[in-house]
Amino acid sequence: MSARDSGILLKAEGVHKRFGDHVVLAGADLEVPRGSVVTVLGRSGTGKSVFLKCLAGILTPEAGSMRFDGAALDQGDAAARAEFRRRCGYLFQSNALFDSLTALENVVLPLEQTTDLPDKEIQERGMEALRQLDLEAHRDRHPAELSGGMQKRLALARAIVTRPELVLFDEPTAGLDPLRRNAVFTMIAKYQRQFSFTAVIVTHDVAEALVASDSVALLDGGRMRFQGAPAAFSASDDPVVKGFRDSAAALSETLHALRRGENIESDES
Amino acid sequence: MLRALGRHTLSIVHDLGDYALFTTRAFGAVMRTRRLGRRLARSVYEQGARCLPVILVVGLFTGLVLGLQGYYVLNRFGSEGLLGTLVSLTLVRELGPVLAALMLVGQAGSALAAELGIQRNSEQIAALETMGVGTHGYLVTPRVVSALLVYPMQAALFVCVGLVGGALSGSWLLGLSPGVYWSAVERALEPRDVSQCLTKAAVFGLLTISLCAYHGFNTHRLRSATGARAVSASTTRAVVQSSIVVLCADYVITSFFV
Amino acid sequence: MKAPRLELLTGLFVLLGIAAIGWLTVKLGARALVGGDTYVIEARFDNAGGLNAGSNVVVAGVPVGRVESIRVDEADFSAIATLRVLAGLKLPSDTMASIKTTGLIGDKYVALSPGADESTLSPGERITMTESSVDLESLIGKMAFGSLDKDSPE
């Protein structure tokens with residue numbers, strides 16, 4: 001590995017974001033080493049997706065600095081932003097597939113619109129991406145005709161067809177049953193190795209995250225409460241980390257308390 | 001009260017500026033958009049071929065009615081020979097471009113606003129942004145450019161079938177000689193009338209399609225509604241405002257030409 | 001919708017549209033362009049009311065040109081109409097111009113009645129033998145009062 005390869009690919013510091021009076025991010029930081037899988041954990045509604053969207057540039061944070069591959073990434077710097085977008089893929093929670101286009105058309109769209117490759121090569125690369133994600137047979141189907149898992153794969157195919165160095169995953173497992181959750185994490189891990197991209201995954205599935213990632217971060221109260229290796233996360237005695245990690249245990253405690261007839265205050269906002 | 005008025009005025013000015021910027025950006029993206037031709041062809045299909053039946057039907061019936069009404073009015077003065085003049089001037093100067101534009105707003109404009117609204121809602125537009133695809137160039141530019149070409153064509157087609165409709169009701173139903181009708185049409189029309197017709201149609205196309213695209217594209221900015229309601233609200237707004245804009249612009253352009 | 005069908009329909013529409021625009025502009029709208037060379041003569045009228053730029057100029061009922069412009073002669077406040085007529089038409093210099101109306105309330109046009117003179121009008125020359133617009137109101141008035149005059153002595 002060269003010195004450059006071992007460096008930090010993406011670094012965000014002090015990201016602030018608010019919607020009206022509602023402060024969502026109050027100085028969130030994240031370090032993403034090149035070639036690693038970084039998972040951002042947090043309860044629902046803590047602004048994980050907002051944080052990811054700020055990283056991707058879909059939302060504009062009020063404050064904060066970002067560096068991508070050693071270069072500063074200012075919101076106002078259109079050229080740097082365009083360069084970043086070219087090298088970054090994004091997987092939406094809702095997949096955000098183009099529902100009036102076929103699977104193949106979905107995949108080739110970023111190539112058609114952002115590169116000057118000849119049509120033939122674009123089609124080939126689109127088919128290659130479909131093949132790698134086992135969607136070859138469904139090239140002429142529309143997203144609505146595909147199952148949820150296929151849609152997820154199709155969205156991933158579209159995100160990686162431009163061969164990005166960094167792929168951002170927004171809640172890839174939201175609303176899936178445990179089996180599917182496993183499948184999605186397996187898929188990410190598999191293609192992460194196959195295409196050797198760096199991944200940032202936002203999720204609230206602790207167990208899967210601890211197994212699948214190289215680094216885990218916990219977003220709480222608009223800041224990163226923790227970032228470190230999964231082992232450190234498991235061993236941390238920070239109360240919030242513990243609370244989050246042991247949420248399943250906490251749930252059973254709460255339920256027991258409820259059964260006992262105690263008055264439990266919900267801390268879910 | 002006074003403050004509310006001021007705030008309202010400011011927000012209108014802000015929206016107008018925003019809309020103007022939106023349209024300018026669509027044109028600015030003409031050179032930067034890759035494979036624009038293909039998108040353009042698709043838009044020409046959407047606004048052209050798909051809306052043609054309605055244009056032809058409405059045009060024909062407009063002509064038929066003009067022929068009937070005109071005939072009875074002119075008959076009182078014994079000037080049935082002027083039927084061609086009446087039908088052709090009415091169609092070419094006013095009804096052709098205006099009615100064609102209104103029909104296109106109803107069919108292509110509303111479809112465009114709803115499509116963009118749904119794409120905005122389902123994060124498809126955000127997805128384009130993350131891919132680095134110029135959203136204006138990909139979604140708006142082909143529509144607006146094609147409107148500049150398609151609207152005049154549709155207006156011309158509307159006028160042509162309308163003239164035929166006038167001839168039909170004049171000669172078929174009422175016994176006016178077709179020769180008298182067509183020669184009156186030819187005598188009445190001047191190059192200026194035709195250029196007025198085409199100019200109007202192009203301006204209407206630019207204004208309405210960009211307005212519909214603007215409302216669909218900015219569905220997420222609606223304060224009053226979210227989700228499916230926001231799409232329906234922005235589509236309604238797009239159609240209503242476009243229709244008003246057509247009639248206002250028609251007055252302005254007519255006053256320039258007369 | 002399959003791509004070839006889409007392309008076919010789009011192409012068909014474009015063809016139709018261009019044909020329609022072409023028909024309007026060439027066949028109907030731009031008669032000034034067809035007919036070849038033209039030249040200009042002027043006609044002086046006492047009253048050119050109702051005549052417009054673009055009105056027809058006819059000889060024996062056949063359109064041979066159009067009124068190009070109308071202005072007021074500053075010397076005697078008469079109306080000077082500039083007529084553009086086909087070059088092939090050699091009009092005798094004693095041609096008479098009159099403003100007529102199609103039907104009772106129709107368009108005004110200029111009717112030229114060629115005389116018998118040997119010499120012809122050259123471009124820019126002025127016809128002075130003219131009949132002005134018939135003022136419908138005064139005509140009706142005249143008829144009404146005329147019949148009164150006739151009846152009253154008896």
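In what follows, chains are A, B, ... by sequence order, proteins preceding strands, each numbered from 1. Here the structure is a predicted model, which means the values were calculated and not measured.
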Self-check item: Interchain contact, A:R158 with chain B, by part (heavy-atom threshold 4.5 Å)
Solution: side chain
Practice problem: Identify the two heavy atoms, one from A:S94 and one from B:S122, that lie closest to each other, and give their separation to 0.1 Å. | Solution: OG-O, 3.9 Å
Quiz item: Can you tell me how far the OG1 atom of A:T114 sits from the CG atom of B:L128, to the nearest 0.5 Å?
Solution: 10.5 Å
Quiz prompt | Interface residue of largest heavy-atom contact number with chain B, from A:S100, A:P110, A:G89, under 4.5 Å | solution = A:P110
Quiz item: Checking heavy atoms, do the side chain of A:N95, its backbone, both or neither come under 4.5 Å from chain B?
Solution: neither
Quiz prompt | Within 6.0 angstrom of A:R85 CZ, more than 12 heavy atoms from elsewhere | solution = yes
Quiz item: Above 12 or not: heavy atoms from other molecules or residues under 6.0 Å from CZ of A:R18?
Solution: no
Exercise. Report yes or no: does B:R34 contribute a side-chain atom to a donor-acceptor pair with the main-chain N or O of A:E112 at less than 3.5 Å?
Key: no
Quiz item: If you count the non-hydrogen atoms of other residues, nucleotides and ligands that lie under 6.0 Å from CZ in B:R229, is the total more than 12?
Solution: no
Exercise. Compare every heavy atom of A:D119 with every heavy atom of B:R38, then report the nearest pair and how far apart it is.
Key: NH2-OD2, 2.9 Å
Quiz item: Does any non-hydrogen side-chain atom of B:E123 lie less than 4.5 Å from one of A:D170?
Solution: no
Self-check item: For B:A126 against A:I58, the heavy-atom pair lying closest together
Solution: CB-CG2, 4.0 Å
Quiz item: Take atom CZ in A:R125; do more than 12 heavy atoms of anything else shown fall under 6.0 Å from it?
Solution: yes
Quiz prompt | chain B contact via A:L111 - side chain, backbone, both or neither, heavy atoms under 4.5 Å | solution = backbone
Quiz item: Is it the case that more than 12 heavy atoms not belonging to B:Y251 sit under 6.0 Å from its OH atom?
Solution: no
Quiz item: What is the minimum heavy-atom distance between B:R35 and A:I122, and which atoms define it?
Solution: NH2-CD1, 3.3 Å
Quiz item: Given a strict heavy-atom distance threshold of 4.5 Å, which part of A:T162 is in contact with chain B: side chain, backbone, both, or neither?
Solution: neither
Quiz prompt | Student check: side-chain heavy atoms of B:T33 and A:Q113 closer than 4.5 Å | solution = yes
Quiz item: Rounded to the nearest 0.5 Å, what separation is found between the CD1 atom of B:I118 and the CG atom of A:D99?
Solution: 7.5 Å
Exercise. With a 4.5 angstrom heavy-atom cut-off, could you sort out which part of A:L97 is near chain B: side chain, backbone, both or neither?
Key: backbone
Quiz item: Which atom names give the shortest non-hydrogen contact between B:M131 and A:F98, and what distance separates them?
Solution: CE-CE1, 3.9 Å
